[in-house]
Every structure is written in C-alpha cells, then in structure tokens.
Amino acid sequence: MFDVGEPEIGLATHQLWWDRLTDNWVIEWHYVRHNSACDHLLPGQTGLVKWWTIHYSQVEQSLMGR
C-alpha cells in the first residue's frame, strides 16, 4: 500500500467534493442546450452532494483509513 499522507488525502477529498458540488452539466444541458435527456440524473447528483456534505468528515476519515 502506498501512503500519500493525510494532508494530500484531505486535499483530494475536498477537491472531489468541490468538483461534485460545482458540476452543473445536467442543468446546463437542460437550460442552455434545451435538452432534457439527462434530467433524470439530477436527483442522484443532488442527493450525492447533499449526502457527502452532511457526512464530509466521515468520508474523509474513511479515505484516510481511520
């Protein structure tokens, strides 16, 4: 197992959470492209961001192997 260190894992966890939080491609497709083909994906994306935000410290601790 390769240990990258807790600070790096913390930064990577935050970056991935931030990427999910700001990933609005489904909304862009709906409103900018006037394409509703992916609308069914929005509840899952929203649910993941809500869950991850509520459980952020648990996710981070899990990824650090604690």
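Contacts of Arg20 classified as salt bridge (Lys or Arg N to Asp or Glu O under 4.0 Å), with partners at least two apart in sequence or in another chain: none. Scored by the side chain to side chain donor-acceptor pair (under 3.5 Å) test, Asp39 finds His30 as partners (sequence neighbours excluded). Partners of Thr46 by side chain to side chain donor-acceptor pair (under 3.5 Å), not counting sequence neighbours: none found. For the side chain to side chain donor-acceptor pair (under 3.5 Å) test, no residue two or more places apart in sequence or in another chain qualifies with Trp25. Checked against side chain to side chain contact (heavy atoms under 4.5 Å, CB included), Asn24 has the following partners two or more places apart in sequence or in another chain: Ile27. Residues passing the side chain to side chain donor-acceptor pair (under 3.5 Å) test with Gln58, sequence neighbours excluded: none.
Side-chain contact between Trp51 and Val59: present, with at least one pair of heavy atoms (C-beta onward) separated by less than 4.5 Å.
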Enumerate, atom names and distances included, each donor-acceptor pair closer than 3.5 Å involving a side-chain atom of residues 4-16, sequence neighbours excluded.
residue, atom, partner, partner atom, Å
Glu6, OE1, Arg66, NH2, 2.1
Glu6, OE2, Arg66, NE, 3.4
Glu6, OE2, Arg66, NH2, 2.8
Thr13, OG1, Ile9, O, 2.7
His14, ND1, Tyr56, OH, 3.4
Gln15, NE2, Asp19, OD1, 2.8

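Screening residues 24-33 for salt bridge (charged side-chain N to carboxylate O under 4.0 Å, His left out), with sequence neighbours left out, gives Glu28-Arg33.
Of all heavy-atom pairs between Trp17 and Val49, the closest is NE1-O, 4.5 Å.
In terms of hydrophobic clustering, with Ile, Leu, Val, Met, Phe, Trp and Tyr side chains grouped at heavy-atom distances under 4.5 Å, Leu42 and Leu48 are assigned to different clusters.
Taking CH2 from Trp29 and CG from Leu41, the interatomic distance works out to 10.0 Å, rounded to the nearest 0.5 Å.
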